[in-house]
2 protein chains.
Amino acid sequence: MSIGESHRALRDEVADQLRSWILDGTLAPGSRLGEGAISERLGVSRLPVREAFRRLEAEGLVQTAPRRGVRVAVFDQEELATIQEIRLALELIAVRKTAERRDSETMNELERVLLAGSQAAEAGDQSALKRLNGDFHELLAGGTGSRVLVALLRSVRNQAHHLVGGLVTSPEDSWSEHARVIRAVLEADAEMAALLMRRHLHDRHESQRATLTPNP
Amino acid sequence: MSIGESHRALRDEVADQLRSWILDGTLAPGSRLGEGAISERLGVSRLPVREAFRRLEAEGLVQTAPRRGVRVAVFDQEELATIQEIRLALELIAVRKTAERRDSETMNELERVLLAGSQAAEAGDQSALKRLNGDFHELLAGGTGSRVLVALLRSVRNQAHHLVGGLVTSPEDSWSEHARVIRAVLEADAEMAALLMRRHLHDRHESQRATLTPNP
DNA sequence: CTTGACAATCCTGCATACAGTATCGCAGAC
DNA sequence: GTCTGCGATACTGTATGCAGGATTGTCAAG
């Protein structure tokens with residue numbers, strides 16, 4: 001591993017910045033992203049911005065119209081439902097495979113997260129829980145050892161997250177369900193872990209639907 | 001013939017060309033893709049090539065190492081198995097949703113493909129069958145109305161295809177299974193269509209595994 | 001003959017520059 | 001008052017140039 005590998009390409013920095021702006025709502029869905037404006041704002045040339053656009057485009061966070069620039073992605077209800085369905089399927093594959101593989105490093109990390117999460121829940125540390133909830137999903141994807149699955153899941157999660165406009169459930173509620181999944185994975189009970197994950201995501205999905213369409 | 005004079009965005013042309021070169025084996029897995037060599041060969045500047053790289057990178061066809069260029073993707077057996085699993089899950093979602101939605105245009109197209117495929121199978125027209133088999137999968141993805149799913153499936157199929165090095169089953173065998181799936185979709189029998197699709201992909205997967213690891 | 005270090009060369013990453021096209025505003029006509 | 005056509009402007013798409021790191025070849029030492 002050479003020193004140069006740690007050097008981060010400017011396009012990656014730009015992509016990360018834009019991603020967080022999109023996910024935290026700074027850039028609203030449908031808003032236009034001009035190369036010039038972004039490059040000026042970030043103090044880089046237009047080229048890294050363009051390459052970052054291509055990546056975000058592949059992640060589904062932005063949509064490109066030829067000769068008309070880039071916009072923050074906007075999807076309809078039906079597409080949102082499909083994305084949730086895709087995410088559920090991929091998360092189930094991930095949690096099963098991780099529980100079956102039992103990669104030692106992942107298991108250690110999961111134990112660490114489980115411990116830290118319990119403490120954070122007891123202390124009522126919301127921001128720590130939010131971070132740990134994110135770690136949870138990343139670990140389950142990474143535990144499969146599949147770069148493809150990690151990339152797909154990250155992409156689908158981004159889409160789902162930015163479409164529903166952020167968290168509709170409290171970090172504590174998410175955490176208690178996550179903790180159960182982690183315990184099942186640590187006990188190598190893949191089917192139980194998958195069942196818990198399915199229930200977890202299904203509940204989230206339903207509560208989001210209820211929020212979005214309040215009148216049945 | 002240089003494609004630099006076309007009206008379509010050059011990055012799309014370059015990406016298409018590179019994709020077909022990768023899928024048909026002209027560019028072998030692991031081979032390095034230099035910006036300069038590609039741009040010179042296609043008669044364009046390096047910039048469209050770079051942007052095409054980003055897209056192929058997102059599609060999983062190439063892998064990028066910082067400062068060390070781009071290589072045609074190489075995955076191990078385990079990753080291959082995961083990709084097949086992902087593909088199966090996504091195809092099942094697609095076929096179910098298409099059968100439930102029954103989008104009229106897609107249904108018409110499926111009927112057309114079914115008819116044309118039967119004729120081609122009777123005539124023994126291999127190349128036509130190959131094309132229709134491709135149409136089959138594209139239609140099932142498109143019938144969901146989800147651009148996200150279409151993009152994901154195309155990406156995963158590319159990976160699976162290029163990893164196993166092409167077709168291991170005859171177009172006729174694929175076609176007969178495809179035809180059954182189409183009939184189930186046209187009859188709005190989503191569960192039957194999903195079952196047939198599952199069996200179809202599972203059989204392909206097994207025969208590929210057998211080919212790759214001849215000694216059990 | 002093998003191995004390690006150094007240097008030349010190649011290539012990637014980024015910035016700047018230019019051409020072509022879409023968008024927007026304004027003016028004039030119906 | 002509204003619609004249409006023209007022009008200016010801004011932005012995308014593409015090309016070229018340059019700096020810094022990576023790769024490779026060579027030479028010398030063990």
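Just so you know, these numbers use all the heavy atoms, side chains as well, and skip hydrogens, waters and symmetry mates. We name chains A, B, ... by the order of the sequence lines, and we start the count at 1 in each one.
Spacing between atom CG of A/L10 and atom C1' of D/dG20 amounts to 14 Å, rounded to whole angstrom units. Protein atom CG of B/D12 is 13 Å distant from nucleotide atom C1' of D/dT12, rounded to whole Å. Separating the CD atom of A/E51 from the C1' atom of C/dT12 is a distance of 10 Å, rounded to the nearest angstrom. Following rounding to the nearest Å, A/E35 (CD) and C/dT21 (P) show an atom-to-atom distance of 17 Å. Rounded to a whole Å, the CZ atom of B/R32 is 8 Å from the P atom of C/dC11. Here D/dT12 presents its P atom at 13 Å from CD of A/E40, a figure rounded to the nearest Å.
On a pure distance criterion of 3.5 Å, a polar donor-acceptor pair joins the side chain of B/R67 and the base of C/dT12.
Every residue was checked against the salt bridge (Lys or Arg N to Asp or Glu O under 4.0 Å) condition with B/R102, not counting sequence neighbours, and none meets it. For A/T64, the side chain to side chain contact (heavy atoms under 4.5 Å, CB included) test picks out A/R54, A/E57, A/V70, B/R11, with sequence neighbours left out. Taking the side chain to side chain contact (heavy atoms under 4.5 Å, CB included) definition, one finds that B/Q63 meets it with A/R147, B/A73, B/F75, sequence neighbours left out. With sequence neighbours left out, A/R131 forms a side chain to side chain contact (heavy atoms under 4.5 Å, CB included) with A/A128, A/D135. Applying the side chain to side chain contact (heavy atoms under 4.5 Å, CB included) criterion to A/A58, with sequence neighbours excluded, gives B/A58.
Bending across the helix from C/dC1-D/dG30 to C/dC30-D/dG1, expressed as the angle between its end axes from five pairs apiece, amounts to 20° (10° rounding).
OP1 or OP2 of D/dG13 sits under 4.0 Å from a side-chain N or O of A/R50. Phosphate contact (OP1/OP2 of C/dT12, side-chain N/O of B/R68, threshold under 4.0 Å): absent.
B/R71 comes within 4.0 angstrom of no nucleic acid atom, judged by non-hydrogen atoms across all strands.
Counting only residues at least two apart or in different chains, salt bridge (charged side-chain N to carboxylate O under 4.0 Å, His left out) contacts with residues 18-29 of chain A comprise A/D16-A/R19, A/R19-A/E59. The list of ring pair (Phe, Tyr, Trp, His ring centres under 6.0 Å) pairs with a residue in residues 19-51 of chain B, not counting sequence neighbours, is empty.
Annotation: proximity of residues 41-48 of chain A to DNA chain C (heavy atom, distance under 4.0 Å) is found for A/V44, A/S45, A/R46, A/L47, A/P48, numbered in ascending order.
Using the six-membered ring where Trp is involved, A/H178 and A/F136 have ring planes that are parallel, under 30° apart on the 30 and 60° scheme.
The minimum heavy-atom distance between B/L149 and A/E79, with the atom names listed, is N-OE2, 4.5 Å.
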